[in-house]
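Data block below; observations after.
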Amino acid sequence: QVLLVESGGGLVQAGGSLRLSCAASGRAYNTYAMGWFRQAPGKEREFVAAINWNGGSTSYADSVKGRFTISRDNAKNTVYLQMNSLKPEDTAVYYCAPRSYYGSRWSPAEFGSWGQGTQVTVSS
C-alpha cells in the first residue's frame with residue numbers, strides 16, 4: 001500500500017509559480033506510476049499530469065501543457081509538479097494518486113480514495 005501526502009500549495013498571483021510535492025511511503029512506491037489531479041470548486045476532478053515509474057514517460061492535460069512539469073525523485077519517494085505561468089483557472093485542490101501501470105488515459109474514477117490534497121489559489 002502506498003500512502004501519499006501532498007504539499008506546496010498556496011496563494012500566488014497570475015503568472016507566478018509553485019512547486020507541489022507528493023511524498024509517498026510504502027515499499028512499492030518506486031514501481032508505481034503517479035498522477036496529479038485537481039478539483040476546482042463546483043467542478044469535477046480532472047487529470048493534470050502523469051509520470052511513469054522511472055520518470056521516462058510523462059503526459060499532460062492540454063490545459064497545462066507547456067506550463068506544468070511533472071517529475072519524480074525515487075530516492076526521496078517524492079513526485080513533484082512544477083507549475084509556471086499560473087492562471088486563475090488553475091485554482092483548485094491538487095491531489096496525487098498512484099497506479100500500478102502508466103498507460104495513456106488517467107481517469108479520476110479509477111481511484112477509490114484520495115489524500116487531503118493541497119490548495120492552489122491563483123489571483124488575477
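Separation of atoms CG (N52) and OG1 (T31) is listed at 11.5 Å; rounding is to 0.5 Å. Rounded to the nearest 0.5 angstrom, M34 CE and N74 CG are separated by 10.0 Å. Note that NZ of K65 is 9.5 Å distant from OG of S63, once rounded to the nearest 0.5 Å. Taking CZ of R38 as the reference point, atom CD of E89 lies at 8.0 Å (rounded to 0.5 Å). In this structure, OG in S107 is found 10.5 Å from CZ in F47, a value given to the nearest 0.5 Å. Annotation: the span from I70 atom CD1 to C22 atom SG amounts to 9.0 Å, rounded to 0.5 Å.
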* **ring pair (Phe, Tyr, Trp, His ring centres under 6.0 Å) between W114 and F37, intermediate numbers included** => CA-CA 10 Å; W114 299 89; F37 296 82; 5.2 Å; yes
* To do: Check the pair D90, K87 against salt bridge (Lys or Arg N to Asp or Glu O under 4.0 Å), reporting the backbone distance first and the verdict last.
  => CA-CA 5 Å; D90 295 318; K87 304 175 180 180; over 6 Å; no
* **side chain to side chain contact (heavy atoms under 4.5 Å, CB included) between Q82 and L20, worked out** => CA-CA 6 Å; Q82 177 67 43; L20 306 185; over 6 Å; no
* **Derivation and outcome, side-chain hydrogen bond (donor to acceptor under 3.5 Å, both in side chains), residues D73 and T78** => CA-CA 5 Å; D73 184 342; T78 302; over 6 Å; no
* To do: Assess whether side chain to side chain contact (heavy atoms under 4.5 Å, CB included) is satisfied between W106 and W36, documenting all intermediate values.
  => CA-CA 9 Å; W106 287 68; W36 280 100; over 6 Å; no
* Asked: Going through the checks in order, is the side chain to side chain contact (heavy atoms under 4.5 Å, CB included) test met by Y102 and I51?
  -> CA-CA 7 Å; Y102 176 57; I51 189 166; 5.5 Å; no
* What do the steps show when you test V120 against L18 for side chain to side chain contact (heavy atoms under 4.5 Å, CB included), and what is the final call? -> CA-CA 9 Å; V120 171; L18 284 173; 3.9 Å; yes
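Contact between P88 and S124 at its shortest, heavy atoms only, is CG-CB, 3.8 Å. The shortest non-hydrogen separation linking V93 to G117 is CG1-CA, 3.9 Å. The shortest non-hydrogen separation linking P98 to Y32 is CB-CD2, 3.7 Å.
Checking side-chain atoms of R67 against main-chain N and O of S85 turns up a donor-acceptor pair under 3.5 Å. Between the side chain of R99 and the backbone N or O of Y101, at least one donor-acceptor pair lies under 3.5 Å. For the pair T121 (side chain) and L11 (backbone), a donor-acceptor distance under 3.5 Å is absent. Side chain of E6 to main chain of C96: a donor-acceptor pair is present (N/O by atom type, distance under 3.5 Å, no hydrogens or angles).
Put simply, the side chain of Y94 reaches to within 4.5 Å of the side chain of M83, judged on heavy atoms. Side-chain contact between R72 and N77: absent, with no pair of heavy atoms (C-beta onward) separated by less than 4.5 Å. Proximity of S123 to V12: side-chain heavy atoms (C-beta onward) are nowhere separated by under 4.5 Å.
Within the structure, the disulfide bond (SG atoms under 2.5 Å apart) test picks out no pair touching residues 37-94 (sequence neighbours left out). Listed by first and then second residue, the ring pair (Phe, Tyr, Trp, His ring centres under 6.0 Å) pairs involving residues 50-69 amount to none (not counting sequence neighbours).
Grouping the Ile, Leu, Val, Met, Phe, Trp and Tyr side chains by contacts below 4.5 angstrom, directly or via other members, places V122 with L81.
Applying the 6.0 Å contact sphere to NZ of K43 captures no more than 12 heavy atoms from other residues, nucleotides or ligands.
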